[in-house]
Visitor: 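Take this structure, written in structure tokens, and hold onto it; I'll ask about it next.
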Amino acid sequence: MDEWTERQKDVLDAVLDLLVTGGDAVTTAAIARKANCSKETLYKWFGDRDGLLAATVRWQASRVRAGNFDAQHLDASQLRESLEAFAVNWLSVISSRTSIALNRVGISHAGSGKSGLGRMVLANGRFAIGERLKPLLEAGRANGLLAFDDTETAFRTFFGLVGRDVQIRLLLGDRLETTEAEIARDAARATQQFFALYGAPQTQKPLQGRI
């Protein structure tokens with residue numbers, strides 16, 4: 001993962017703010033004004049505009065984490081809590097105005113072929129998140145809490161249960177209810193559904209509430 005200074009993080013946050021208000025029209029000059037730094041400093045730190053956008057992608061993606069866990073002594077409660085925490089984290093990030101704006105820019109670049117930003121969003125989003133969460137799933141299997149043959153398939157199942165159609169609807173302008181309480185409920189429900197599919201008998205609990 002990239003190691004940025006607090007000042008550089010402030011610059012990347014400024015880029016995200018500008019993407020929300022201006023989309024792909026954001027310029028290096030506008031970023032310099034917003035971040036209160038010179039264009040020369042931006043070039044020194046991040047290279048050209050594409051390099052700055054690429055760093056912004058990595059910075060936003062770094063907010064999604066699988067958390068800390070003891071792979072050798074993982075129990076059902078810890079596994080469930082870790083999966084729920086990941087789901088809450090991911091749903092909170094993808095439903096933020098900054099992620100929506102950044103993903104829209106990435107999609108537009110992928111469609112036009114004018115840069116590799118779309119591939120970078122994919123690599124630092126979906127694929128990087130998978131590599132962060134798969135060790136937790138494999139630790140669950142190693143401790144007899146989960147049963148699956150293919151880690152990638154298990155991850156894609158969990159990813160789908162958590163995300164459902166939320167991201168695509170947000171990208172297309174739907175105003176979904178994404179309060180903390182709603183996100184927590186969705187994360188708990190997705191985790192329970194995942195255990196119903198892949199959990200060992202001792203990890204499965206009746207679903208609570210509506211589906």
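The structure displayed is predicted, hence computed values, not measured ones.
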Visitor: How are the rings of Phe158 and Phe194 set relative to one another: parallel (under 30°), tilted (30 to 60°) or perpendicular (over 60°)?
Guide: perpendicular
Visitor: Would you check if the side chain of Gln8 reaches a backbone N or O of Thr5 as a donor-acceptor pair within less than 3.5 Å?
Guide: yes
Visitor: Taking it one step at a time, do Asp174 and Asp165 satisfy side chain to side chain contact (heavy atoms under 4.5 Å, CB included)?
Guide: CA-CA 11 Å; Asp174 196 357; Asp165 61 350; over 6 Å; no
Visitor: Does Val93 share a hydrophobic cluster with Leu136, counting links as ILVMFWY side-chain heavy atoms below 4.5 Å and allowing steps through other members?
Guide: yes
Visitor: Between OG1 of Thr98 and CH2 of Trp59, what distance do you get to the nearest 0.5 Å?
Guide: 11.0 Å
Visitor: Would you say Leu52 and Trp45 are hydrophobically clustered, going by side-chain heavy atoms of ILVMFWY under 4.5 Å?
Guide: yes
Visitor: State the CG-CG distance between Leu53 and Leu19, to the nearest 0.5 angstrom.
Guide: 6.5 Å
Visitor: For the pair Trp90 and Phe86, name the ring-plane relationship: parallel under 30°, tilted 30 to 60°, perpendicular over 60°.
Guide: parallel
Visitor: Where do Ala87 and Ala187 come nearest, in terms of heavy atoms and distance?
Guide: CB-CB, 3.5 Å
Visitor: Nearest 0.5 Å please: distance from the CG atom of Leu102 over to the CG atom of Leu16.
Guide: 6.0 Å
Visitor: Do the charged groups of Arg63 and Asp13 touch, with an N to O distance under 4.0 Å?
Guide: yes
Visitor: In terms of hydrophobic clusters joined by side-chain contacts under 4.5 Å, are Ile94 and Ile100 together?
Guide: yes
Visitor: Any salt bridge linking Arg126 with Glu152? Criterion: basic side-chain nitrogen under 4.0 Å from a carboxylate oxygen.
Guide: yes
Visitor: Can a side-chain donor-acceptor contact be found between Thr151 and Glu138 if the only test is distance below 3.5 angstrom?
Guide: yes
Visitor: Between Asp186 and Arg164, what is the shortest heavy-atom contact and its length?
Guide: OD2-NH2, 2.9 Å
Visitor: Distance from Thr157 atom OG1 to Gln193 atom CD, nearest 0.5 Å?
Guide: 11.5 Å
Visitor: Does the Arg132 side chain pair with the main chain of Val64, one donor and one acceptor, at a distance under 3.5 Å?
Guide: yes
